[in-house]
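Down below is the structure, laid out as C-alpha cells.
Note that the coordinates shown come from a computational prediction; the quantities given were computed from them, not determined experimentally. Chain letters run A, B, ... following the sequence lines, proteins first, then strands; residues in each count from 1.
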2 protein chains.
Amino acid sequence: MTTPEPERDESEFLARYDPREYDPVSVTVDVVALTIRDGALHVLLVRRGGPPYEGMWALPGGFVHAGGPAGADAEDLADAAVRELAEETGLSAKGGVIGRIHLEQLGTYGAPRRDPRMRVISVAYLAFAPELPDPEAGGDAADAAWVPVDALGLTESAAQRPGTTRRLAFDHARILSDGLERARGKLEYTPLATAFCGGEFTIPELRSVYEAVWGEELHAGNFHRKVLSVPGFVESTGETSDRGGRRGGPRPRLYRPGDARLLHPALLRPSREEQIR
Amino acid sequence: MTTPEPERDESEFLARYDPREYDPVSVTVDVVALTIRDGALHVLLVRRGGPPYEGMWALPGGFVHAGGPAGADAEDLADAAVRELAEETGLSAKGGVIGRIHLEQLGTYGAPRRDPRMRVISVAYLAFAPELPDPEAGGDAADAAWVPVDALGLTESAAQRPGTTRRLAFDHARILSDGLERARGKLEYTPLATAFCGGEFTIPELRSVYEAVWGEELHAGNFHRKVLSVPGFVESTGETSDRGGRRGGPRPRLYRPGDARLLHPALLRPSREEQIR
DNA sequence: TAAGTTATTCTCAACTAGAGTTGATCTCCT
DNA sequence: AGGAGATCAACTCTAGTTGAGAATAACTTA
C-alpha cells in the first residue's frame with residue numbers, strides 16, 4: 001500500500017498536532033488459529049503467564065506495535081497477527097509454513113471493560129493451517145497447546161457472556177465462537193478447506209475436513225460428485241495415494257487446490273435449516 | 001455484556017499498571033451508511049471541515065470515547081458508530097429512526113500511515129436504512145450529503161490504492177468498496193433488503209432494492225416466485241398498495257418482513273460466475 | 001482366503017432456477 | 001371515452017442440481 005500524501009498546507013497543522021488530545025487506547029491482536037489433528041478441529045491456546053487471568057487459557061495475541069510519533073516500528077494489523085502466531089508457536093515468521101497459511105480478519109472487540117487493566121480494543125484474526133507442529137511456550141505464555149475445540153464445551157449461550165466460561169480469559173470464548181462460525185460459513189462458498197490440507201490431498205481427506213469443522217457426517221458419494229463438479233475447486237494430479245483407506249479400500253486419487261476463489265454453486269451445510277430463525 | 005471480574009490477587013498488579021508502557025493508538029469509527037433514493041444506492045458522505053484532507057469527501061466517523069483511566073465516558077464501538085451517524089445526520093440517537101436501522105461491523109483498517117497525524121486504527125461499520133432525511137452538517141463536517149454510489153467512479157483497482165481516488169479522504173474508498181461488497185453479499189443470504197424498505201413494502205419495491213445494490217436487472221417473475229417461496233422472508237399484510245405501478249399496472253400487494261434471519265435457499269446474484277477466480 | 005472397509009460411479013426421484021407466456025389491472029395520452 | 005403501453009401475479013416448460021441409496025471394484029486385516 002502506498003501512503004496518501006498529506007496536503008502541503010497541512011504541514012504546520014501536523015507539527016502542532018498532539019496525539020494525547022485524544023483518549024489513548026491500546027490495540028491488541030488475538031488469533032484464532034485452527035487446524036485439524038486426528039480428524040478433530042483444534043485451536044491454538046496459550047496459558048497466561050501473568051495477570052490478568054493468570055493461569056487461564058487464552059487466544060494467542062498481544063499488543064500491536066504502534067511505532068510512536070516517528071512511526072519507526074509501526075506494523076500493519078495482519079503483520080502483528082503473523083508475528084504473534086510465530087512467537088507463540090515457535091515457527092519463523094518469514095517463509096516456511098507460516099508464510100502459506102490462510103489469515104483473515106475476524107472482527108474487532110472493544111467493549112468498555114473487556115480488559116480490567118485499561119481500555120483495550122482487540123482485532124481478532126482467523127488463521128487456518130495444515131497440521132502444524134506442537135507449539136513451544138514463548139513470549140508471556142506459560143504454556144501453549146493445540147486444544148480440541150469440542151473439549152472446550154463452547155455453547156452459544158456460554159460464549160456470549162464473558163466470565164461464564166471460566167476456561168478462557170477475557171471475552172475469548174466469544175471470539176473463538178465467532179471464529180468457528182466464520183470458518184463453518186467460509187467452507188461453504190470458498191475453497192478454504194484446501195488450506196487445512198497439505199499441497200496434495202484426496203477427496204476423502206477433504207471431506208473429513210468438512211466433517212470436522214461442521215461437526216456432521218456427509219454423504220461420501222454426493223460430496224465426491226459435488227467437489228469434482230464445482231469448477232476450479234480441485235485439480236487432479238493424475239497420481240493416486242500410496243496407501244488405501246486406513247481400514248481398507250482402494251487407493252484414492254490425489255488432487256491439489258484449483259484456481260477458484262469462490263465455489264459456485266456453493267456446498268451448503270445440511271443442518272443449515274435449523275438455524276434460519 | 002457483563003464484565004469479567006479480575007482475580008482478587010490482581011489488585012496490586014493493576015494499581016501499578018501504567019498504560020503508557022504500551023504505544024498509544026487512537027481508535028476511530030467510520031460508518032458506511034447506505035440507503036436507496038430514486039432507485040439508486042446512495043452513501044452518506046461528509047466534506048471535511050479541517051485538515052487533514054480538508055475539503056474532501058469522507059465517510060462520517062470520529063474518535064471513540066475511550067473513557068480514560070476512570071472509564072467514565074467509555075462507549076462500546078457500536079455505540080460510537082450510532083453516535084457518529086446521529087451527529088452527522090442530525091437525527092437523534094435514542095429511539096426514532098436510528099434505533100431501527102441495521103448496523104454491523106465491517107472491518108478494521110490499521111495500515112501504519114493511513115492517517116498522516118498519528119497511528120489511527122479505524123473500525124468501520126456498515127449501516128442500512130430506509131430513506132432518511134437529508135443530513136445537516138454537524139460536528140467537524142463542512143457539509144454532508146447522500147451521494148449516489150455510481151457517481152464516485154469506484155473501481156476495484158481504484159479502491160485498493162489509497163490516494164488514487166482523489167474523491168475520498170484516507171483509505172475511505174477502500175472501506176466503502178468493502179462495504180458495498182459486503183452489502184451485495186448479505187442480500188443473498190439474509191433478509192437485509194427489507195431493512196432498506198419501510199415497515200411495509202411490495203415485492204417490486206423489494207426487487208428494486210436488489211437491483212440497485214447489485215446493479216443489475218432481475219427477472220420479475222422469478223424474483224416474485226422466489227421471494228414468496230423462501231420461508232420467513234416476507235409475510236403478507238393482506239392489503240394492497242393504494243397505487244398501481246408508477247407507469248401503470250395493478251396495485252401490488254403489501255408485505256412486511258418475516259421472521260427468518262437467513263434465507264434458505266439463498267437468492268444468488270446472476271453475475272456471480274464472473275468473479276469466481 | 002474370507003470378511004470388512006473404502007473410493008468411485010450410477011440411478012432415480014424431488015427439487016430449483018432461468019426464460020418465457022398469459023391475463024388482469026392500472027396509468028397516461030390522445 | 002378509448003386505446004396503447006406498462007406492470008403485477010400466476011403459470012408452463014426445460015435444464016440442471018441435490019439427496020438418498022445402491023453397485024462395483026480395490027484394498028486391509030484377521
Test of understanding: with side-chain hydrogen bond (donor to acceptor under 3.5 Å, both in side chains), list the residues that count as partners of B:D134, not counting sequence neighbours. B:R37
Does the side chain of A:H224 get closer than 4.0 angstrom to OP1 or OP2 of C:dT9 through an N or O atom? yes
Under the side-chain hydrogen bond (donor to acceptor under 3.5 Å, both in side chains) test, residues paired with B:E217 that sit two or more places apart: none
Among residues two or more places apart or on two chains, list those pairs meeting ring-ring contact (aromatic ring centres under 6.0 Å, His included) that have a residue in residues 187-210 of chain A. A:F128-A:F196, A:Y210-A:W214, A:Y210-A:F223
Below 4.0 Å: OP1/OP2 of D:dT28 and any side-chain N or O of A:R247: no
Treating B:H42 as the side-chain partner and B:A40 as the backbone partner, does any N or O pair qualify as donor plus acceptor under 3.5 Å? yes
Five-pair end axes of the helix from C:dT1-D:dA30 to C:dT30-D:dA1, angle between them (10°): 20°
If the condition is salt bridge (Lys or Arg N to Asp or Glu O under 4.0 Å), which residues does B:R256 pass it with, not counting sequence neighbours? B:E235
Set of side-chain hydrogen bond (donor to acceptor under 3.5 Å, both in side chains) partners for A:E239, sequence neighbours left out: none
Residues passing the side-chain hydrogen bond (donor to acceptor under 3.5 Å, both in side chains) test with B:Y125, sequence neighbours excluded, are B:Q105
Euclidean distance, atom CG of residue A:L228 to atom P of C:dC10 [Å, nearest integer]: 12 Å
Side-chain N or O of B:R253 less than 4.0 angstrom from OP1 or OP2 on D:dA10? yes
Pair B:Y109-B:D30, side-chain donor/acceptor within less than 3.5 Å: no
Among residues at least two apart in sequence or on other chains, which ones pass salt bridge (Lys or Arg N to Asp or Glu O under 4.0 Å) with B:E211? B:R207
Figure out the CZ/C1' separation between B:F223 and C:dA19, and round it to whole Å. 17 Å
Scan residues 185-214 of chain A against DNA chain D and write down, sorted by residue number, each residue with any heavy atom closer than 4.0 Å; if none is found, say none. none
Can you name the side-chain contact (heavy atoms from CB on, under 4.5 Å) partners of B:A33, sequence neighbours left out? B:V31, B:L44, B:L85, B:A127, B:W146
Give me, pair by pair, the N or O atoms of the protein and of nucleotides 16-19 of chain D that are less than 3.5 Å apart, along with how far apart they are.
from	atom 1	to	atom 2	distance (Å)
D:dT18	OP1	A:K226	NZ	2.2
D:dT18	OP2	A:K226	NZ	3.4
D:dG19	N7	A:R225	NH2	2.8
D:dG19	O6	A:R225	NH1	3.0

Take atom CG of B:D242 and atom P of C:dT27, then tell me their distance rounded to the nearest Å. 10 Å
Only counting residues at least two apart or in another chain, list the ones meeting salt bridge (Lys or Arg N to Asp or Glu O under 4.0 Å) with B:K186. B:E104
Shortest side-chain distance from A:R251, nucleotide among D:dC27, D:dA6, D:dA10: D:dC27
